[in-house]
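For reference, positions follow the sequence shown, starting with 1. What you are looking at is a predicted structure, and each value in this text was computed from that prediction instead of being measured. Excluded from the calculations below are hydrogen atoms, water molecules and symmetry mates; all remaining heavy atoms, backbone and side chain alike, are included.
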Amino acid sequence: MEFEAVIQKRKTIRRFNQETVPDEHIKKAFEHAILAPNSSNVQNWDFHWVKNPEKKQKLVEACLNQSAARTASHLIVATTDSKQWKRSQPFLLDWVKNSPRAPKNVELYYKKIVPSTYTTGIFNIFAPFKWILLNTVGLFRPMVRGPVTARDVQEVSVKSCALACENFVLSITNSGADSCMMEGFDAWRVKRLLKLNWSSRVVMVIAVGYENAPGNWGERYRMPLDQVVHVH
């Protein structure tokens, strides 16, 4: 499809038919998902494609047995973990090293700035010092004032994950299938099912299938542009 057609066609579908979406469409959507913009290129998101029938049923229950999860051909759990910067750092440093046009300060950024940004210490012990430093510098020149706490860092990671999810569902739409990005789930049960560590955050569960028309109870509604776009 052309971009305009994909954007216009994508909508939340809450009821799918029994036709199976080919695995190839899901794999292609993953390829598109990882091309999404992400903060500092740290890429600290993961996608869990739940294919095991028993696990999938438990995931449906963790998603409150809602129709989108219950009737989906595929269920994908999108997660993020701010501590995953450690996973990506060796790859990023190698990437910089092998990029002839990379400025010298980029290597410093990944060696020093990223670790200091994503490290908050036990019980946010470093947060007060970061806050004082950033806001003191900010008195004299424009300055990024965060992230400071572990929650701030997690928020950055969630934003990046959400952008990857958007790429994923747009790719699914382009393939001719439909999707539902769900936030209604028991995160504790989902984490236990997938054996995730304590620092992981379940961002959303994405249901994929073909619409069983009507796939929702009404037409898509959006606020008028003049209510949400502000020109300064």
Side-chain angles (χ1 to χ4, degrees), residues 10-39 42-88 118 150-151 153-175 177-211 215-216:
R10 191 224 63 82
K11 60 182 179 180
T12 296
I13 298 300
R14 301 191 181 280
R15 187 173 61 176
F16 304 101
N17 63 31
Q18 295 183 348
E19 184 179 356
T20 300
V21 176
D23 284 4
E24 289 70 26
H25 292 343
I26 306 298
K27 293 174 182 177
K28 177 58 69 174
F30 286 138
E31 293 175 10
H32 292 155
I34 66 172
L35 297 178
N38 63 98
S39 181
V42 171
Q43 305 171 54
N44 51 10
W45 23 242
D46 290 279
F47 295 94
H48 302 264
W49 186 2
V50 181
K51 302 189 72 174
N52 179 279
E54 184 178 344
K55 284 188 176 182
K56 186 179 178 184
Q57 180 54 39
K58 289 182 179 179
L59 181 56
V60 170
E61 293 170 5
C63 290
L64 314 181
N65 206 38
Q66 57 185 289
S67 59
R70 192 174 63 250
T71 61
S73 176
H74 300 278
L75 289 175
I76 293 88
V77 181
T79 68
T80 188
D81 184 350
S82 57
K83 295 185 181 299
Q84 292 285 33
W85 69 268
K86 297 177 183 178
R87 175 183 67 178
S88 62
Y118 281 87
R151 185 181 181 88
V153 173
Q154 188 180 71
E155 182 180 333
V156 172
S157 301
V158 168
K159 290 176 183 178
S160 293
C161 183
L163 289 171
C165 291
E166 176 73 0
N167 269 29
F168 182 90
V169 298
L170 289 176
S171 179
I172 290 297
T173 300
N174 187 62
S175 75
D178 301 288
S179 63
C180 181
M181 305 166 85
M182 298 180 288
E183 291 186 287
F185 51 80
D186 185 326
W188 184 82
R189 282 182 165 80
V190 175
K191 290 177 70 170
R192 186 175 65 174
L193 175 66
L194 301 179
K195 298 180 180 179
L196 302 177
N197 59 39
W198 66 269
S199 58
S200 293
R201 172 80 177 268
V202 181
V203 177
M204 67 180 71
V205 181
I206 304 176
V208 178
Y210 292 109
E211 179 181 7
N216 41 47

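With sequence neighbours excluded, the residues that form a ring pair (Phe, Tyr, Trp, His ring centres under 6.0 Å) with F47 are F30. By the salt bridge (charged side-chain N to carboxylate O under 4.0 Å, His left out) test, R87 is found to be paired with D46, residues two or more places apart in sequence or in another chain being considered.
The backbone N or O of I13 sits nowhere less than 3.5 Å from a side-chain atom of D178 that would complete a donor-acceptor pair. At distances below 3.5 Å, at least one donor-acceptor pair connects side-chain atoms of S160 with backbone N or O atoms of S39. Here the side chain of Q66 pairs a donor or acceptor atom with the backbone of C63 at under 3.5 angstrom.
Here the closest heavy-atom approach between residue S82 and residue V153 is recorded as CB-CG1, 3.3 Å. The nearest pair of heavy atoms linking I26 to I172 is CD1-CD1, 3.9 Å. In this structure, V21 and Y210 approach most closely via the heavy-atom pair CG2-CE1, 3.6 Å. Across every non-hydrogen atom of L163 and P37, the tightest pair is CD1-O, 3.4 Å. A68 approaches A207 most closely through the heavy-atom pair O-CB, 3.4 Å. Residues S67 and R14 come closest through the heavy atom pair OG-O, 2.6 Å.
Atom CZ of R201 is surrounded by 12 or fewer heavy atoms from other residues, nucleotides or ligands within 6.0 Å.
In this structure, N65 CG and R70 CZ are separated by 5.0 Å, a value rounded to the nearest 0.5 Å. Expressed to the nearest 0.5 Å, how far CG of N174 lies from CG of N167 amounts to 11.5 Å.
Using a 4.5 Å heavy-atom threshold, the side chains of V202 and V77 count as touching. V42 places a side-chain heavy atom less than 4.5 Å from the side chain of S88. Side-chain contact between C165 and I206 is present, with heavy atoms from C-beta onward closer than 4.5 Å. Looking only at side-chain heavy atoms (C-beta outward), V169 and R10 come within less than 4.5 Å of each other.
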Hey, can you pull the donor-acceptor pairs under 3.5 Å for the side chains in residues 180-188, sequence neighbours left out?
{"residue": "D186", "atom": "OD1", "partner": "W188", "partner atom": "N", "Å": "3.2"}
{"residue": "D186", "atom": "OD1", "partner": "R189", "partner atom": "N", "Å": "3.2"}
{"residue": "D186", "atom": "OD2", "partner": "R189", "partner atom": "NH1", "Å": "2.7"}

Y118/N44 under side chain to side chain contact (heavy atoms under 4.5 Å, CB included): CA gap, chis, key distance, verdict: CA-CA 11 Å; Y118 281 87; N44 51 10; 3.7 Å; yes

Derivation of the side chain to side chain contact (heavy atoms under 4.5 Å, CB included) call for I34 and W45: CA-CA 9 Å; I34 66 172; W45 23 242; 3.7 Å; yes

Trace of the side chain to side chain contact (heavy atoms under 4.5 Å, CB included) decision for L75 with V60: CA-CA 9 Å; L75 289 175; V60 170; 3.8 Å; yes

Test log, rule side chain to side chain contact (heavy atoms under 4.5 Å, CB included), inputs E155 and K159: CA-CA 6 Å; E155 182 180 333; K159 290 176 183 178; 3.7 Å; yes

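Counting only residues at least two apart or on different chains, the side chain to side chain donor-acceptor pair (under 3.5 Å) pairs with a member in residues 16-36 are D23-K51, K28-E31, H32-S171. Annotation: ring-ring contact (aromatic ring centres under 6.0 Å, His included) contacts involving residues 59-79, sequence neighbours excluded, comprise W49-H74. Residues in residues 191-200 take part in these side chain to side chain donor-acceptor pair (under 3.5 Å) pairs, two or more places apart or across chains: D81-N197, D81-S199, N197-S199, N197-S200.
Among N52, V190, L193, V50, the one residue that satisfies the side-chain contact (heavy atoms from CB on, under 4.5 Å) test with K58 is L193.
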